[in-house]
Structure formats: structure tokens, C-alpha cells
Amino acid sequence: MLISQLSVNLFIFFLSILGILNNRKNLLYILINLELMLLCLNLNFIMFSLYLDDIYGQIFSLFILTIAAAESAVGLAIAILFYRANGSTDLNQVPVIVF
């Protein structure tokens with residue numbers, strides 16, 4: 001069971017990396033793929049915690065989930081401000097400031 005779950009987590013993790021590399025122009029897609037990556041990491045911690053009969057992986061997973069919730073709240077606030085300033089969430093429309 002551990003090998004199958006780890007292989008599914010690895011597949012989803014690489015799928016989220018592929019999603020980030022494929023959709024580099026939309027801010028919301030990047031944020032969603034980052035959250036998916038963190039969730040796969042948490043599932044790995046939980047699976048190893050259950051396999052090793054240790055609670056530290058589950059506690060560490062809870063800490064990562066709280067940090068991910070704060071990160072998503074800040075990321076969505078930045079996305080809203082970006083949308084208000086530019087009219088879209090397309091990252092290709094970011095003005096480049098040259099000093």
C-alpha cells in the first residue's frame with residue numbers, strides 16, 4: 001500500500017510541476033499548482049508516519065497545512081490586487097521597470 005500511495009503522490013507532484021511550467025502566464029494556475037504540490041508533500045509525510053508508526057509526520061503535516069493556508073490567503077490577496085491593477089491575471093502583461 002505504501003508503494004502505490006507514494007507513486008500516486010509522486011505522479012501528482014510531477015503533474016503540478018508540469019502545470020507550473022506549462023501555465024507560467026496565469027497567476028491563479030500557478031497558485032493552484034503550488035497548493036497541489038504542498039498537499040502531495042503532506043500526504044507523503046502522513047504515509048511515512050503511518051508506515052513508521054510515528055506521530056511526528058502527522059504533526060509536521062499540520063504545521064505545513066497551516067502555513068499553506070496562510071500562504072494561499074496572501075497569494076489570493078496579491079492576485080486580487082494584481083487583477084485590480086492590470087485588469088487580468090495574465091503575467092505577460094506585467095510592466096517591466098528598468099532602472
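Keep in mind that what you see is a predicted model, and the values were worked out from it rather than measured.
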* For L50, which fellow cluster members are found when Ile, Leu, Val, Met, Phe, Trp and Tyr are connected by side-chain heavy-atom distances below 4.5 angstrom, either directly or through intermediates? -> I46
* Spell out, yes or no, whether I20 and F14 are grouped together once hydrophobic residues are joined by side-chain heavy atoms under 4.5 Å, including indirect joins. => yes
* To do: Identify whether L15 and L43 are in the same connected component of the hydrophobic contact network (ILVMFWY, side-chain heavy atoms under 4.5 Å).
  => no
* Remaining members of hydrophobic cluster (4.5 Å side-chain criterion), L38 -> L41, F45, F60, I64
* Asked: Apart from F48 itself, which Ile, Leu, Val, Met, Phe, Trp or Tyr residues share its cluster (side-chain heavy atoms under 4.5 Å, direct or through members)?
  -> M1, L2, L6, M47, Y51, L52
* **Co-members of L18 in a cluster of I, L, V, M, F, W and Y side chains, linked at under 4.5 Å** => none
* Asked: Rounded to the nearest 0.5 Å, how far apart are CD1 of I17 and CD1 of I12?
  -> 12.5 Å
* Structure fact -> CG of L39 to OG of S16, rounded to nearest 0.5 Å, is 9.5 Å
* Structure fact -> Separation between CG (N9) and CE (M37), nearest 0.5 Å, reads 13.0 Å
* Structure fact -> Residue pairs meeting side-chain hydrogen bond (donor to acceptor under 3.5 Å, both in side chains), one or both in residues 18-38, sequence neighbours left out, come to N26-T89
* In one Ile/Leu/Val/Met/Phe/Trp/Tyr side-chain cluster, 4.5 Å: L34, L21 -> yes
* Asked: Taking side chain as C-beta onward, heavy atoms only, is I78 less than 4.5 Å from L31?
  -> no
* Asked: What is the distance from atom CG of L27 to atom CG of N86, rounded to the nearest 0.5 Å?
  -> 10.5 Å
* Sub-4.5 Å side-chain heavy-atom contact between Q58 and I55 -> yes
* Rounded to the nearest 0.5 Å, how far apart are CG of L91 and CD1 of I30? -> 5.0 Å
* Asked: Are the side chain of S61 and the backbone N or O of G57 linked by a donor-acceptor pair below 3.5 Å?
  -> no
* Asked: Residues in side chain to side chain contact (heavy atoms under 4.5 Å, CB included) with F63, at least two apart?
  -> I59
* Interatomic distance, L62 atom CG to I67 atom CD1 [nearest 0.5 angstrom] -> 11.5 Å
